[in-house]
Amino acid sequence: MLHGELGVEMALLLEAVRSRVRKALIARSPGIDLSRLDRVPERLTWPLKRDGMEPVDRIGNLREDKGPVAKVVTFLGTEVWLVTGDAECRELLADQTSYSTDIRPYMGKAGGADGDIGGLGFTDPPDHTRLRRLLTPEFTMRRLARLKPGIERIIEDQLDETERLGAGGAVVDLAQTFAFPVPFLVICELLGLPVEEREKFRSMASARFDVTGGGIGTVGAVAGSRQFLFEETARQRREPGPGLIGQIIREHGDEITDFDLAGLADGAFTGGLETSASMLALGSAVLLERPELWRLLIEEDESAAPIVDELLRYLAVVQISFPRFAKQDVVLAGQRIKKGAVVLAHLPSANRDPRAFHAGFDHGRATSSHLAFGHGFHRCVGAELARMELRAAYPALARRFPGLRLAVDPSELAFHDRSIVYGVESLPVYLG
């Protein structure tokens with residue numbers, strides 16, 4: 001008995017010492033270095049899990065038990081909050097004074113002034129305002145209209161390739177033959193990347209969104225694409241190309257540095273590739289379970305717009321917003337959030353908030369006021385380009401392959417396990 005009591009006392013003493021050491025290290029540390037993490041613990045990544053197309057029940061239970069703003073974990077001394085309500089997400093994402101999106105203090109050397117982290121998503125005003133002002137004119141409807149013929153050509157070319165591979169009744173992976181190549185080639189044309197460099201760029205695409213490798217894997221992927229675009233920007237500084245990079249150089253010259261312009265190009269790449277690829281693959285899977293909508297896309301051109309917006313809301317492939325770091329103590333939905341806390345908007349949950357949206361998938365009740373593109377001053381600048389792609393791609397796919405069907409049961413589809421951008425690993429189909 002005495003031995004048991006002594007063991008308990010020793011255990012308590014050791015835990016007290018460990019606790020003090022942890023607190024001392026956190027107090028002395030200049031900041032968390034996420035780039036050194038070789039994995040992200042499950043207690044941080046569980047909000048990225050889904051049950052098919054739906055958020056896991058744990059998300060809904062969290063909102064019911066603790067409300068639309070809840071602290072989910074304390075990690076390395078930092079509180080992490082999850083916002084799951086529509087109105088609360090909008091309040092968070094529109095607030096330009098209480099929060100910062102500058103992640104550099106948390107990225108060690110990778111977040112230095114000459115590091116790899118930057119771009120609009122991780123920039124605060126006034127730098128964000130200055131950079132976005134340079135980028136926004138490239139995404140007006142007038143300028144995007146110039147891309148429409150190229151988008152339609154890319155779609156038809158990939159449909160030709162898909163048809164070739166599916167000849168004779170072979171199973172085709174629609175994710176690889178159509179869903180990924182279409183937005184990839186659109187982004188390459190948007191940026192004005194040389195054809196001979198595109199395959200190198202392609203290899204860097206998806207790894208940056210997968211958190212299974214921790215900060216090391218994500219930062220490495222970001223660094224690779226940023227370096228590629230930095231070199232491409234420097235090349236186009238001497239010989240401006242026909243796309244976004246060259247256009248900004250021609251119009252603004254030395255107003256923008258190569259580093260900042262590479263960051264803007266990287267933001268267009270980040271926002272326009274994996275997201276649109278996931279939407280095309282997942283959206284096709286949803287539509288193939290609803291044959292009446294497949295027929296509607298073939299028969300009625302105007303049906304594409306509401307179907308696309310309902311898919312955007314329902315799928316919300318970007319699962320969480322860029323993290324917000326509280327610059328001061330702030331109250332959100334009655335919850336006091338301490339200075340330095342990380343606050344995340346959970347977009348799939350917000351898009352299912354019963355106070356604002358209907359349950360399930362119903363294109364007849366579609367709205368464009370969802371949060372799939374975010375909200376506020378960090379709302380996706382390429383939202384209308386994404387809509388243009390999707391509104392062209394789904395009907396073209398349906399017209400070319402009216403008998404398209406899944407080659408596996410929907411329950412057998414494998415989804416990205418822990419990715420900020422949700423998607424499907426493959427989409428095997430018969431062309432019909």
Side-chain angles (χ1 to χ4, degrees), residues 40 45-56 59 121 155 158 162 171-187 201-213 217-218 221-222 225 268-289 307-322 344 346-349 351-352 361 370-374 380 382-383 385-387 389-390 393-394 397 404 406-429:
V40 180
T45 61
W46 69 263
L48 301 179
K49 292 183 175 294
R50 290 207 199 181
D51 182 6
M53 308 299 178
E54 300 290 335
V56 291
I59 290 285
I155 289 171
Q158 290 308 132
T162 301
V171 174
V172 177
D173 182 359
L174 202 65
Q176 294 301 315
T177 66
F178 187 73
F180 184 91
V182 167
F184 173 74
L185 293 170
V186 169
I187 286 295
F201 194 44
R202 178 182 182 132
S203 65
M204 305 170 188
S206 301
R208 60 194 299 155
F209 299 105
D210 189 341
V211 301
T212 54
T218 301
V222 172
S225 64
F269 167 57
T270 302
L273 176 54
E274 188 75 6
T275 51
S276 294
S278 291
M279 276 300 306
L280 280 174
L282 288 176
S284 296
V286 170
L287 294 171
L288 290 176
E289 291 190 72
I307 288 175
V308 163
D309 261 310
E310 180 64 351
L311 285 170
L312 286 164
R313 180 200 69 85
Y314 178 65
L315 294 172
V317 296
V318 179
Q319 305 212 73
I320 56 172
S321 64
F322 287 109
L344 304 170
H346 193 271
L347 303 180
S349 180
N351 275 348
R352 287 165 169 74
F361 182 93
H370 49 73
L371 290 174
F373 295 115
C380 177
L385 175 60
R387 282 193 171 101
E389 281 184 61
L390 298 174
Y394 290 130
L397 182 64
L404 191 73
L406 288 175
V408 298
D409 188 88
S411 64
E412 296 177 36
L413 293 175
F415 299 95
H416 297 337
D417 182 39
R418 291 186 296 176
S419 180
I420 294 168
V421 177
Y422 191 62
V424 65
E425 298 290 342
S426 65
L427 190 66
V429 296

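Numbers here are sequence positions counted from 1.
- The minimum heavy-atom distance linking Ser349 with Pro55 is given by the pair N-CG, 4.4 Å.
- A cation-pi arrangement is not found for Arg50 relative to Phe415, the charged atom failing to lie both closer than 6.0 Å to the ring centre and inside a 45° cone about the ring normal.
- The side-chain heavy atoms of Gln158 and Leu185, taken from C-beta on, include a pair separated by under 4.5 Å.
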Apply side chain to side chain contact (heavy atoms under 4.5 Å, CB included) to the pair Asp417 and Thr45, showing each step before the final yes or no.
-> CA-CA 10 Å; Asp417 182 39; Thr45 61; over 6 Å; no
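- Residues Leu48 and Ser419 are not in side-chain contact: their nearest non-hydrogen atoms beyond the backbone lie 4.5 Å or more apart.
- To the nearest 0.5 Å, atoms CD1 (Ile307) and CG (Leu287) are separated by 6.5 Å.
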CA sep, side-chain torsions, deciding dist, call: Asp173, Val429, side chain to side chain contact (heavy atoms under 4.5 Å, CB included) | CA-CA 6 Å; Asp173 182 359; Val429 296; over 6 Å; no
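- Checking side-chain atoms of Glu425 against main-chain N and O of Leu413 turns up no donor-acceptor pair under 3.5 Å.
- Residues forming a side-chain hydrogen bond (donor to acceptor under 3.5 Å, both in side chains) with Asn351 (at least two apart in sequence, or on another chain): none.
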Show your reasoning for whether side chain to side chain donor-acceptor pair (under 3.5 Å) applies to Tyr314 and Glu54.
-> CA-CA 8 Å; Tyr314 178 65; Glu54 300 290 335; 3.3 Å; yes
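- A tilted orientation is assigned to the rings of His370 and Phe373, their planes being inclined by 30° to 60°.
- Counting only heavy atoms from C-beta outward, the side chains of Val317 and Leu312 never approach each other to under 4.5 Å.
- Considering all non-hydrogen atoms of both residues, Ala281 and Ala175 come closest at CB-CB, 4.5 Å.
- Taking 4.5 Å as the limit, some side-chain heavy atom of Val286 sits within range of a side-chain heavy atom of Leu311.
- Residues Ile187 and Leu273 approach most closely at CG1-N, 4.3 Å, considering heavy atoms.
- Test Thr177, Leu427, Leu404 against Val172 for side-chain contact (heavy atoms from CB on, under 4.5 Å) and you get one pass: Thr177.
- For the residue pair Val318 and Thr275, the shortest heavy atom distance occurs at CG2-CG2, 3.5 Å.
- Ser284 places a side-chain heavy atom less than 4.5 Å from the side chain of Leu174.
- Nearest heavy atoms, Leu315 versus Met53: CD2-SD, 3.7 Å.
- Side-chain atoms of His346 and Gln319 form no donor-acceptor pair, as typed in the model, at a separation below 3.5 Å.
- Within the model, atoms OG of Ser276 and CZ of Phe180 stand 11.0 Å from one another, a figure rounded to the nearest 0.5 Å.
- For the residue pair Glu389/Tyr394, the side-chain donor-acceptor check at 3.5 Å is not satisfied.
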List the steps, then state whether side chain to side chain contact (heavy atoms under 4.5 Å, CB included) holds for Phe178 with Ile155.
-> CA-CA 8 Å; Phe178 187 73; Ile155 289 171; 4.0 Å; yes
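- Formation of a donor-acceptor pair under 3.5 Å by the Ser321 side chain with backbone atoms of Leu344 is not found in this model.
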Go through the steps to decide whether Arg387 and Asp309 satisfy the test side chain to side chain contact (heavy atoms under 4.5 Å, CB included), and finish with yes or no.
-> CA-CA 8 Å; Arg387 282 193 171 101; Asp309 261 310; 3.0 Å; yes
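- Smallest separation of non-hydrogen atoms from Pro183 and Leu280: CD-CD1, 3.9 Å.
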